[in-house]
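One-based numbering along the sequence shown.
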Amino acid sequence: MGDECGPGGIQTRAVWCAHVEGWTTLPTNCKQIERPENQQNCFRVCDWHKELYDWQLGNWNQCQPVISRNLEKTVECIKGEEGIQMRDVTCIQKSNGVSAEDVICEYFEPKPRLEQACLIPCRQDCIVAEFSPWSECSKTCGNGLQHRTRHIVAPPQFGGSACPNLTEFQICHSTPCTTEESMHSLNVGPWSTCSVPHSRQIRQARKRGKNKEKEKDREKGVRDPEARELIKKKRNRNRQNRQENKYWDIQIGYQTRQVTCTHKNGKTAALSFCQQDKLPITFQSCVITKECQVLEWSEWSPCSKTCFDMTSPKGNRTRTRTIKQFPIGSESECPELEEIEQCSSQGDGVAPCVTYGWRTTEWTECRVDPLLSQQDKRRGNQTALCGGGIQTREVYCVQANENLLSYLNTLKEKEESQSQSTSKSSAAPLLSITFEITASKPVDRKLCTGSVPSTTQLCHIPCPIECEVSAWSAWGPCTYESCEDQQAKKGFKLRKRSITNEPTGGTGNCPHLLEAIPCEEPSCYDWRIVRLEECIPDNEKQCGPGTQVPEVVCINSDGEEVDRQLCRDAIYPIPIVCEVPCPKDCVLSMWSGWSSCSHTCSGKTTEGKQMRARSILAYAGEGGIQCPNSSALQEARSCNEHPCTVFHWQTGPWGQCIEDVSVSTFNSSTSWNGEATCAVGMQTRKVICVKVNVGQVGPKKCPESLRPETVRPCLLPCRKDCIVTPYSDWTLCSSPCPEGDVTVKQQSRHRVILQLPANGGRDCPDTLYEEKECEAPPVCYTYRWKTHKWRRCQLVPWYVRQDSPGAHETCGPGLQARAITCRRQDGGPADVSECLKYAGPLPTLTQACQIPCQDDCQFTIWSKFSSCNGDCGAVRTRKRSLVGKSKKRDKCKNSQLYPLIETQFCPCDKYNAQPVGNWSDCILPEGKVEVLLGMKVQGDIKECGQGYRYQAMACYDQNSRLVETARCNSHGI
């Protein structure tokens with residue numbers, strides 16, 4: 001019901017009582033308590049609701065099997081099982097996600113399907129490979145353990161059985177342990193703290209180093225000058241790198257541990273009693289631990305908030321410190337290098353903070369066309385639309401106290417200029433805040449935090465109301481056109497009607513309200529009967545025929561009462577015959593009023609008639625005067641006997657208001673229909689004399705004195721120029737170093753129309769939005785760590801290892817360090833703090849190294865890997881070769897122990913690895929026990945300690961097929 005949109009409507013339906021056989025019966029035959037409702041609330045959907053409501057689609061749930069009608073099921077699954085999956089579909093409001101009735105969304109789009117067919121894949125059980133061979137027994141004598149493993153070929157899917165254990169253990173029996181071996185055990189002590197070599201030993205090492213350098217210098221003497229220059233430059237670079245490594249003072253020292261053989265009774269025995277293929281090492285190189293050192297805090301930076309505002313959050317200030325020494329070999333990290341605390345600026349000289357607020361433009365005119373389809377489809381092409389509509393406006397963000405801050409800055413400049421002036425008045429004048437409020441430029445909408453004003457509202461355009469007039473009055477007496485000029489002998493009879501319902505378009509849309517008929521013997525004054533006095537019987541009888549004396553007044557042609565002397569020439573009404581009924585006479589009612597005339601005028605074929613009637617109130621008694629017959633109860637008389645020559649003035653619509661320069665201009669504050677006016681104008685219209693049913697005739701046929709006006713003054717509304725805000729600031733281009741690949745190549749600015757032009761005002765500018773290319777951003781540096789060559793491999797000092805086998809050789813394991821520096825991407829030097837922020841983790845500063853002994857196999861360094869062709873599944877290789885005496889040693893030629901070629905799959909993004917199966921049992925590493933601190937060892941027996949659990953990894957290609965695990969990465973993990 002109704003033409004409004006949205007909730008609040010009512011739907012109705014017919015409800016009646018019916019027999020079970022279908023025919024209608026009385027409502028009382030049905031139970032009233034079971035009567036269904038005949039109306040309900042409803043939501044009237046409009047086209048513009050499409051922007052407010054939409055379907056929300058939920059996720060499809062898990063595919064559920066469909067119960068088959070056939071009881072028998074196939075034993076083997078081949079293609080899968082048919083299933084069905086469902087989802088939730090809800091109609092919601094886009095703004096807040098609240099659910100709404102489905103009929104609203106169904107008005108624009110059918111409800112999406114709630115279920116669909118799906119296929120449940122066949123169960124796939126876990127498939128594992130065969131077990132590997134058993135490992136070696138964990139003990140060389142007595143009872144030990146050995147294990148074997150297997151890997152997953154295909155993981156379980158779609159509810160298949162889980163994978164079995166991937167590892168198995170069994171007890172193994174080796175040769176019985178002899179009594180001598182079981183009597184002793186090897187004890188490995190903990191490593192000592194890392195120590196710096198003695199200074200004397202350092203000096204001796206340096207001396208030996210200088211001697212070697214002298215020998216090298218002798219060898220360089222035979223080289224050409226260009227080679228010497230290259231060597232000199234290389235030394236300078238290395239020296240510079242060592243200087244740049246001031247943050248990492250790396251010192252390589254040594255640490256030792258004791259390895260003793262203990263008898264069963266607790267006494268120490270010779271190491272020969274604890275037979276081992278290779279005894280644990282008792283010394284190794286290490287890095288001297290150094291803690292992080294930082295400098296003192298810097299001064300606090302200025303407060304980020306330089307203005308005063310109690311409502312907004314406080315600002316921040318920071319202070320920093322730099323690292324003097326980075327930690328080396330320490331688990332503790334450096335402390336925080338930056339400290340932030342809240343702050344606020346206060347005082348007389350602190351200006352208030354910038355505040356932002358929402359501004360709105362004027363509401364646009366009420367438009368019905370967006371809702372036109374909700375009214376009458378047939379009115380789509382009409383321009384004069386009416387009813388419910390929508391108004392819109394634009395909302396933008398501005399700096400709210402821009403004018404105040406501008407004034408304060410101006411005031412501050414004035415005070416500064418006055419303080420510098422030599423002549424000062426004794427009393428400063430009181431300044432008042434007077435600044436012009438102008439249109440503020442729009443700023444970024446994110447700066448305004450309050451609730452956003454609405455941009456639309458409902459409005460209503462009143463529909464046109466047709467003019468309604470009363471019925472015509474009776475024709476008046478024949479009167480002069482102008483009683484002041486009675487020489488013309490020209491008269492008119494007039495009749496009038498009035499407006500009963502004003503139209504929305506003004507009185508100009510109504511028909512004419514006065515008609516005239518030419519007549520003869522006009523008069524300006526006449527008598528009017530006000531009422532009739534009581535009927536007085538003749539001859540002073542109590543009843544019977546009599547007369548009624550009329551009470552009259554003198555009226556003019558307009559029906560107004562005037563002095564009785566003016567009617568001296570008019571015919572005075574005579575008394576009216578009446579009758580007072582006698583007691584037994586027939587009693588009749590008073591005559592009714594005369595009916596309206598049957599015709600407006602009289603002609604050859606038409607004659608106006610009026611009727612009136614009376615009724616019998618009481619029949620006559622015995623001897624009384626009988627009632628008249630029925631024909632005597634009605635009377636007729638002629639009316640509108642004038643000929644059908646009716647004239648009236650017809651007016652056209654008022655023309656446009658044209659400015660009248662001869663009239664002084666009004667003040668702009670003059671109001672006319674609620675709008676400011678700025679000038680006086682004139683309006684004209686056409687007035688003609690019309691003969692009814694004929695058309696336009698000469699103006700003399702109509703009474704001139706009643707001619708409507710053709711000219712009237714009017715007030716022109718003020719001219720309204722278009723008002724726009726200043727342009728906003730240009731949007732920002734990309735920062736010098738944007739994160740990611742998002743770059744802004746263009747910047748823009750815009751302005752907002754505050755007032756549209758009207759009444760001939762200045763038009764709005766054509767351009768409200770401008771764009772321009774961003775300037776080329778400055779060079780954005782990226783940073784990287786540059787690693788320099790590893791230094792000489794540093795062994796444990798000779799005086800520490802002199803008692804160990806092979807100590808006469810300068811060989812064995814050691815540590816070497818290298819320098820790192822911070823570089824820009826173009827190679828230029830940069831501060832180390834930049835790399836700490838942007839270059840990622842620090843490269844390794846130290847690494848284990850090995851100086852080969854005479855009996856060791858020696859190789860060239862690995863070559864670079866060969867190039868890949870880009871195809872997934874391709875391989876790349878690298879090579880090395882034996883050098884020196886190693887070429888002749890048989891053990892060095894064993895490619896199983898010392899491979900000369902390495903092959904690996906090329907990296908391919910199309911492979912991905914996924915863990916499958918359960919974790920294995922804890923497996924102890926197969927190797928010697930020199931890394932296990934403080935653990936008692938007897939022979940090679942190892943039953944406890946730190947081990948590892950393993951989990952299988954399955955490698956898939958881009959088609960989700962299993963491939964070799966090694967293809968997922970270069971290590972095959």
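Minimum heavy-atom separation, S192 to Q255: O-NE2, 2.7 Å. Of all non-hydrogen atoms in R823 and G827, the two that sit nearest each other are CD-O, 3.1 Å. Across every non-hydrogen atom of S285 and P813, the tightest pair is OG-O, 4.3 Å. Closest heavy-atom contact between I323 and C292: CG2-SG, 4.3 Å. In terms of heavy-atom proximity, P156 sits nearest to C126 at CD-CB, 3.7 Å. For the residue pair W862 and L900, the shortest heavy atom distance occurs at CZ3-O, 3.6 Å.
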Could you go through the side-chain contact (heavy atoms from CB on, under 4.5 Å) check for T787 and R818 one step at a time?
-> CA-CA 7 Å; T787 57; R818 65 177 174 183; 3.7 Å; yes

Start with the C-alpha gap between W785 and V832, add the side-chain angles, then the distance that decides, and say whether side-chain contact (heavy atoms from CB on, under 4.5 Å) holds.
-> CA-CA 9 Å; W785 292 110; V832 68; 3.7 Å; yes

Begin with the C-alpha distance, continue with both residues' side-chain angles, and end with the deciding distance and a verdict on side-chain contact (heavy atoms from CB on, under 4.5 Å) for K290 and F326.
-> CA-CA 8 Å; K290 293 187 178 181; F326 280 88; over 6 Å; no

Start with the C-alpha gap between C822 and K786, add the side-chain angles, then the distance that decides, and say whether side-chain contact (heavy atoms from CB on, under 4.5 Å) holds.
-> CA-CA 6 Å; C822 184; K786 180 180 180 182; over 6 Å; no

Output a table of donor-acceptor pairs, distance under 3.5 Å, between side-chain atoms of residues 88-102 and any protein atom two or more places apart or on a different chain; print 'none' if there are none.
unit_1 : atom_1 : unit_2 : atom_2 : d
N96    : OD1    : V98    : N      : 3.1
D102   : OD2    : K111   : NZ     : 2.9

Enumerate donor-acceptor pairs with a distance under 3.5 Å from any side-chain N or O in residues 835-849 to protein atoms, sequence neighbours excluded.
unit_1 : atom_1 : unit_2 : atom_2 : d
Q847   : NE2    : Q816   : OE1    : 2.8

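At a threshold of 4.5 Å between non-hydrogen side-chain atoms, the residues L815 and V287 count as touching. Annotation: side chain of C63 is not in contact with side chain of I84 (no heavy-atom distance under 4.5 Å). Using a 4.5 Å cut-off on side-chain heavy atoms (C-beta onward), P280 and R257 make contact. Residues R445 and V452 are in side-chain contact: their nearest non-hydrogen atoms beyond the backbone lie under 4.5 Å apart. Residues C137 and L145 have side chains not in contact (no heavy-atom distance under 4.5 Å, counting atoms from C-beta outward). Annotation: side chain of V128 is in contact with side chain of P164 (closest heavy-atom distance under 4.5 Å). Counting heavy atoms from C-beta outward, V883 and T860 have side chains that approach closer than 4.5 Å. At a threshold of 4.5 Å between non-hydrogen side-chain atoms, the residues I281 and F283 do not count as touching.
For E291, the side-chain hydrogen bond (donor to acceptor under 3.5 Å, both in side chains) criterion is met by S330, S332, not counting sequence neighbours. For R824, the salt bridge (charged side-chain N to carboxylate O under 4.0 Å, His left out) partners two or more places apart in sequence, or in a different chain, are D826. For Q85, the side-chain hydrogen bond (donor to acceptor under 3.5 Å, both in side chains) partners at least two apart in sequence or on another chain are Q116. The salt bridge (charged side-chain N to carboxylate O under 4.0 Å, His left out) search around R148 returns E168, not counting sequence neighbours. Residues passing the side-chain hydrogen bond (donor to acceptor under 3.5 Å, both in side chains) test with R87, sequence neighbours excluded: none. With sequence neighbours excluded, the residues satisfying salt bridge (charged side-chain N to carboxylate O under 4.0 Å, His left out) with E902 are R878. Every residue two or more places apart in sequence or in another chain was checked for a salt bridge (charged side-chain N to carboxylate O under 4.0 Å, His left out) with E82, and none qualifies. Under the rule for a side-chain hydrogen bond (donor to acceptor under 3.5 Å, both in side chains), T260 has no partner lying at least two apart in sequence or in another chain. Here F859 pairs with Y898 under the ring-ring contact (aromatic ring centres under 6.0 Å, His included) rule; sequence neighbours left out.
Among residue pairs with one or both ends in residues 53-65, none qualify as salt bridge (charged side-chain N to carboxylate O under 4.0 Å, His left out); sequence neighbours excluded.
Heavy-atom contacts from other residues, nucleotides or ligands closer than 6.0 Å to CG of L897 number more than 12.
Here the side chain of N165 pairs no donor or acceptor atom with the backbone of T167 at under 3.5 angstrom. T282 places no side-chain N or O within donor-acceptor distance of the main-chain N or O of Q258, the cut-off being under 3.5 Å. Put simply, the side chain of T877 never gets that close to the backbone of T903: no donor and acceptor are under 3.5 Å apart.
With rounding to the nearest 0.5 Å, the separation of CD in E130 from OG in S132 is 11.0 Å. Expressed to the nearest 0.5 Å, how far CD of E136 lies from CD of Q146 amounts to 9.5 Å. The NE2 atom of H147 sits 4.5 Å away from the OG atom of S135 when rounded to the nearest 0.5 Å. Between the CZ atom of F108 and the CH2 atom of W55 there is a distance of 11.5 Å, given to the nearest 0.5 Å. In this structure, the separation between CD on Q858 and OG on S881 is 12.0 Å, given to the nearest 0.5 Å. I252 CD1 to R791 CZ: the interatomic distance, rounded to the nearest 0.5 Å, is 8.0 Å.
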